[in-house]
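Worth knowing before you read on, the calculation uses all heavy atoms, side chains too, and leaves out hydrogens, waters and symmetry mates.
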2 protein chains.
Amino acid sequence: MTEASPSAPPRPDARPLYAQVEAILTGRIVGGDWPPGHALPAEPELAQELGVSHGTVRKALAALEARRLIERRQGKGTFVAQHTSEQARDHFFRVRDLEGREANPTSLVLSLHTDAATPAEAAAFALPAEAAVHRLRRLRLQDGQPFLVEEITLPAAIFPGFTLALGRELPDELYVLYQRRHGVTVVRTRESLSALPAGAAEADLLGVPPGTALLAVERRTWDAAGRVVEQRLSQLNTARFRYVMELD
Amino acid sequence: MTEASPSAPPRPDARPLYAQVEAILTGRIVGGDWPPGHALPAEPELAQELGVSHGTVRKALAALEARRLIERRQGKGTFVAQHTSEQARDHFFRVRDLEGREANPTSLVLSLHTDAATPAEAAAFALPAEAAVHRLRRLRLQDGQPFLVEEITLPAAIFPGFTLALGRELPDELYVLYQRRHGVTVVRTRESLSALPAGAAEADLLGVPPGTALLAVERRTWDAAGRVVEQRLSQLNTARFRYVMELD
DNA sequence: AAGTGGTCTAGACCACCGT
DNA sequence: CGGTGGTCTAGACCACTTT
């Protein structure tokens with residue numbers, strides 16, 4: 001830790017100590033020193049190693065917990081967060097049925113191939129022009145009924161050799177797979193919602209008349225290192241499901 | 001504060017001290033002991049009055065700040081939150097233009113009258129059957145162009161004598177008005193989004209062809225005391241504006 | 001019993017704001 | 001300058017989990 005001695009003259013580090021500790025621990029987690037599920041050192045141990053007090057370590061850990069990078073369990077320890085299907089769906093998948101219950105959909109992969117990024121995609125991902133991206137198109141169904149079409153774009157540089165079995169159901173949430181297979185921990189998304197009439201292809205897939213009003217969700221996704229790691233366009237038939245948001 | 005003496009036998013209060021302090025302060029704020037904008041006692045003063053340490057008071061205040069019930073300003077003091085137009089819009093109004101800039105709309109009141117709650121409304125507001133509710137219909141415009149129609153329902157018991165000048169622009173966000181004129185502090189909303197074709201009346205108001213896909217937002221609103229204080233249905237033309245959501 | 005995270009205290013010092 | 005909130009420490013004790 002930077003010295004806090006009374007005579008240190010210029011700029012040790014303008015941020016408070018707990019913020020510095022938070023940054024150090026964030027770096028170790030996103031850098032892979034401690035993989036998902038791994039236990040962090042105990043609080044007194046961290047305090048001694050970093051040369052700060054117990055309380056300062058706890059304040060940093062509280063911030064990491066709020067960002068969902070770690071999980072703390074009394075009596076057991078502190079662990080790097082594992083993305084589980086339930087957590088990922090609960091947190092980032094805002095679709096609920098008309099009674100407010102969470103959807104529990106299955107996924108059908110329609111296509112997956114790799115090609116050159118459009119200029120807009122290259123800009124969004126901060127990639128060179130025409131860098132390789134994977135494009136995934138899938139249909140999500142509840143009780144055998146399709147209700148959501150998604151087109152997902154991933155930079156090949158971040159997801160080398162990304163593969164999925166076509167036409168097969170996906171058991172896990174995609175974000176779990178990103179973490180387990182590619183070390184990508186999703187921590188933030190930004191979504192822009194609009195309403196649009198169903199095109200011929202989407203109408204066919206969703207089993208609705210062309211022109212039916214659909215809810216379009218354009219999502220951009222960031223990982224713990226602050227990189228844009230995914231873009232997706234989802235089109236939702238809101239006859240049986242809604243997009244639900246709580247603000248407080 | 002409940003005694004924490006080592007010999008207190010049964011259940012003083014299972015919650016941690018800071019949670020008890022938070023509950024006490026919440027009660028004073030929502031009860032009106034300290035109106036919006038009023039300064040709270042200084043931290044050492046609160047600590048002494050409640051018989052807890054400085055650190056415990058600070059932890060409770062941090063929770064109140066996270067809930068946006070108070071604002072702390074270093075060197076000045078801690079104040080009961082004032083809803084300002086900017087804050088209310090920023091936090092609860094998720095509409096942005098296509099470049100991500102915040103909309104800065106004006107409002108046109110189309111109608112305002114009082115009648116009997118529907119059974120669904122009575123249930124939502126926990127009111128007796130056919131209790132009085134105010135119904136407000138308004139149009140929101142940006143640069144003179146309408147883009148949003150809203151129907152707002154308020155329980156008359158919570159908003160006695162609610163009035164607005166018809167056909168006039170509203171300078172302030174409604175939630176500011178709820179707090180200033182009726183002592184209602186909005187702290188939470190839940191929104192359910194769907195896509196639907198524009199009806200004849202909405203199409204006419206928004207200047208779009210009937211059947212145009214609109215984004216429908218059904219909002220339910222709670223105040224700091226946990227009461228449902230508002231329901232509204234907003235219909236948004238997403239040609240120029242989007243509903244934007246950040247999750248992390 | 002030992003080790004973990006969770007709570008609480010008492011006190012020091014700093015950064016900012018007003019007079 | 002005195003008063004405010006913000007940071008940091010050292011240590012005590014509690015609650016929970018595992019051995």
Expressed as a whole number of angstroms, how long is the span from [X]:[atom1] to [N]:[atom2]?
X: B/Arg58; N: D/dT4; atom1: CZ; atom2: C1'; value: 11 Å
X: B/Leu46; N: C/dT9; atom1: CG; atom2: P; value: 14 Å
X: B/Leu50; N: C/dC8; atom1: CG; atom2: C1'; value: 14 Å
X: A/Gln48; N: D/dA10; atom1: CD; atom2: P; value: 12 Å
X: B/Glu43; N: C/dC14; atom1: CD; atom2: P; value: 18 Å
X: A/Lys59; N: C/dT7; atom1: NZ; atom2: P; value: 15 Å

*Are OP1 or OP2 of D/dC8 and a side-chain N or O of A/Tyr18 less than 4.0 angstrom apart?*
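The answer is no; no side-chain N or O of A/Tyr18 sits under 4.0 Å from OP1 or OP2.
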*Find out whether A/Thr221 and A/Tyr175 are in side-chain contact, i.e. whether some heavy atom of one side chain is under 4.5 Å from a heavy atom of the other.*
yes
*Hey, does the Lys NZ or Arg CZ of A/Arg96 hover above the aromatic six-ring of A/Tyr243, less than 6.0 Å from the centre and inside 45° of the axis?*
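No.
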*Measure from NZ or CZ of A/Arg140 to the centre of the six-membered ring of A/Phe93, then state whether that distance is under 6.0 Å and the direction lies within 45° of the axis.*
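Yes, A/Arg140 and A/Phe93 form such a contact.
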*Any salt bridge between A/Glu43 and A/Arg72, counting N to O under 4.0 Å?*
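The answer is yes: the pair qualifies as a salt bridge.
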Taking the side chain of [X] as its heavy atoms from C-beta onward, which of [options] lies nearest to it?
X: B/His54; options: C/dT9, D/dG6, C/dG5; result: D/dG6
X: A/Pro44; options: C/dG5, C/dC8, D/dC8; result: C/dG5
X: A/Ala42; options: C/dT9, C/dT7, C/dT4; result: C/dT4

*Given that A/Ser53 and B/Glu45 both sit by DNA chain D, which one's nearest nucleotide is further toward the 5' end?*
B/Glu45
*Would the A/Phe162 and A/His182 ring centres measure less than 6.0 Å apart?*
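Aromatic pair counts; centres sit under 6.0 Å.
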*asked:* Just to be sure I understand the geometry, which residues of residues 28-37 of chain A put a non-hydrogen atom under 4.0 Å away from DNA chain D?
replied: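 Contacts with DNA chain D under 4.0 Å: none.
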*Hey, can you pull the residues of residues 61-79 of chain B with a non-hydrogen atom under 4.0 angstrom from DNA chain D?*
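Output list: B/Arg72, B/Arg73, B/Gln74, B/Gly75, B/Lys76, B/Gly77, B/Thr78.
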_From A/His83, A/Glu173, A/Glu230, residue fulfilling side chain to side chain donor-acceptor pair (under 3.5 Å) relative to A/Tyr178_ = A/Glu230
*asked:* Surrounding CD of A/Glu65 (heavy atoms of other residues, nucleotides or ligands, distance under 6.0 Å), is the total greater than 12?
replied: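 More than 12 heavy atoms, drawn from other residues, nucleotides or ligands, come within 6.0 Å of this atom.
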*Does a sphere of radius 6.0 Å around CD in B/Glu102 hold more than 12 heavy atoms from other residues, nucleotides or ligands, not counting ones at 6.0 Å or beyond?*
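Yes, because the 6.0 Å sphere around CD of B/Glu102 holds more than 12 heavy atoms from other groups.
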*Of B/Arg28, B/Arg58, B/Lys59, B/Arg67, which meets salt bridge (Lys or Arg N to Asp or Glu O under 4.0 Å) against B/Glu22?*
B/Arg67
